[in-house]
Amino acid sequence: MGGSALLTAVLAGGLLWISAIHADTNDDGNLLCVCENDKGTCQNGTCRGDYCFYTWVKGKEEKGCFMRHNYREQCSGSFELFYVSCCQETTCNANVIVPSDIVPATAPPALPRPELWIPVSLLLLFMIAIVCGLVIFLRFRRAHCRLRDTEDHDAPMRKVPSGDDPTYGDIFDEFCTSGSGTGLPYLVQRTMARQISLVECVGKGRYGEVWRGTWMGESVAVKIFSSRDEQSWFRETEIYNTVQLRHDNILGFIASDMTSKNSSTQLWLVTHFHELGSLYDFLQYSSMEPESCLRMCLSVACGLVHLHTEIVSSQEKPAIAHRDLKSRNILVKRNGQCCIADLGLAVIHSQSHDYLDVGNNPRVGTKRYMAPEVLDETIRVDIFESYKQTDIWALGLVFWEITRRTVVNGIVEEYRPPFFDQVPSDPSFEEMKKVVCVDQQRPSLHNRLHSHPILSAIVKIMKECWYQNPPARLTALRVRKTLSKLDQDSDFSIEKLKRDI
Ligand code: ADE
């Protein structure tokens, strides 16, 4: 099977399966299974399907039935911290025993012979001391390795410690690095999603809502898609579940879930939560120094390079163009770096497998950020490079928003969206086209930016992202390399300054 056919088959299988198990409405299979009483078509603790399933995620169990699709992908997953099992006999999921290597050890059995208690206790104490010593030693070594890993990865980025990994990270990362494809099995995603409590709404728009939720005591972000935008949920779910997308500067995916509630469908996308919110929100109330601006711009460029790059190796990844890059679709992390979110409009391309998948989402990008060739409709929609070039246009605009909030010589500008002084709020397609294509205007750049070495270099990059001719624009890789060099040089001059004082 060719690459694109294979990918399509996997996606179709996965999504058909999602629809089948999540719609929860048409189980017309013959097998009687045990299920939770209050869910879907579960009645009196039983349901009917082609298979019975049992999932165990960190102590929480779920039982139910599902239809035939994708049995192999979904039912073979078991790993430290979660367990999935499926079976095909009447109520066979009633009393599943989770293997002991998955369930953390419980209390040891009582000792039958009292005369052995003292020597055994001493032996235990001795062993505990050895284990503690070993754990401390290993943790020390692992911390050292982790630091080295993060330093190797995207070498020029400066890392700020951000605390321990969350436990969903443990589950996800351990599963993914065990060589098992891309994400968690859908059954595990569904179980996790249904264990989330929604806490507060942190964003609302045409797309739907974003909530902070908690899962096992940790914050997660839950994007609830509006029913109008279900294609974006499908696309994002499809991409996160088929492409290896773990990267510091791409929003971390946890789970996708589709549920039926009073005959309406709820679409959830669960991701890492970033309390500083979107770059758009952040820039409203924060200004920064040139070095922070550089690091922020560099982190966005790193994320975009990862998206745009096809990887041809065992960790295969197609190239992806975002198509709706903007400050509202970028999140700010505690360490001052950003990560790119919202892959609902993305296009996928693989040169090695010879396919271009533009999806079938009727949504278009945000007009304010549209490149000239999108506005005058001359874009070559059959060529993947075209989509990357529109991302670069938008990247320049995001850099412009960040530089406005950067303090140089004590001067900083208010937050404004791109073209704020050239078009009204919520501009029409025609209004944007007049400014960007007919008059060929560009966002204005404050004089102070030219007087600082870092900012003048970023200004040069922005201008090269805004060429009318799309192929003339910089690539994400070139932007990243230039910014990395700038970052290294500024580190070097700070070090030199310190030495000279
Ligand atoms: N707003 C949108 N997505 C978010 C996330 N993942 N974390 C915090 N705020 C968000």
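In listed order, ligands and their atoms are each counted from 1. Just so it is clear, the model here is predicted, and its values are computed rather than measured.
- Listed by chain and number, the residues in a side chain to side chain donor-acceptor pair (under 3.5 Å) with Gln441 are Gln422 (sequence neighbours excluded).
- Under the 4.5 Å side-chain criterion, counting only non-hydrogen atoms from C-beta, Arg473 is in contact with Trp393.
- Annotation: salt bridge (Lys or Arg N to Asp or Glu O under 4.0 Å) contacts of Asp324 (sequence neighbours excluded): Arg363.
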When you check ligand 1 against the protein, what N or O pairs turn up below 3.5 Å? List the atom names and distances, or just say none.
from: ligand 1; atom 1: 6 (N); to: His272; atom 2: O; distance (Å): 2.9
from: ligand 1; atom 1: 7 (N); to: His274; atom 2: N; distance (Å): 2.9

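- Judged by a 6.0 Å distance limit and a 45° cone about the ring axis, Arg328 is positioned over the six-membered ring of Tyr280.
- Screening residues 305-342 for ring pair (Phe, Tyr, Trp, His ring centres under 6.0 Å), with sequence neighbours left out, gives His247-His306.
- Remark: Lys223 is positioned above the aromatic ring of Tyr207, its terminal NZ or CZ atom under 6.0 angstrom from the ring centre and at most 45 degrees off the axis.
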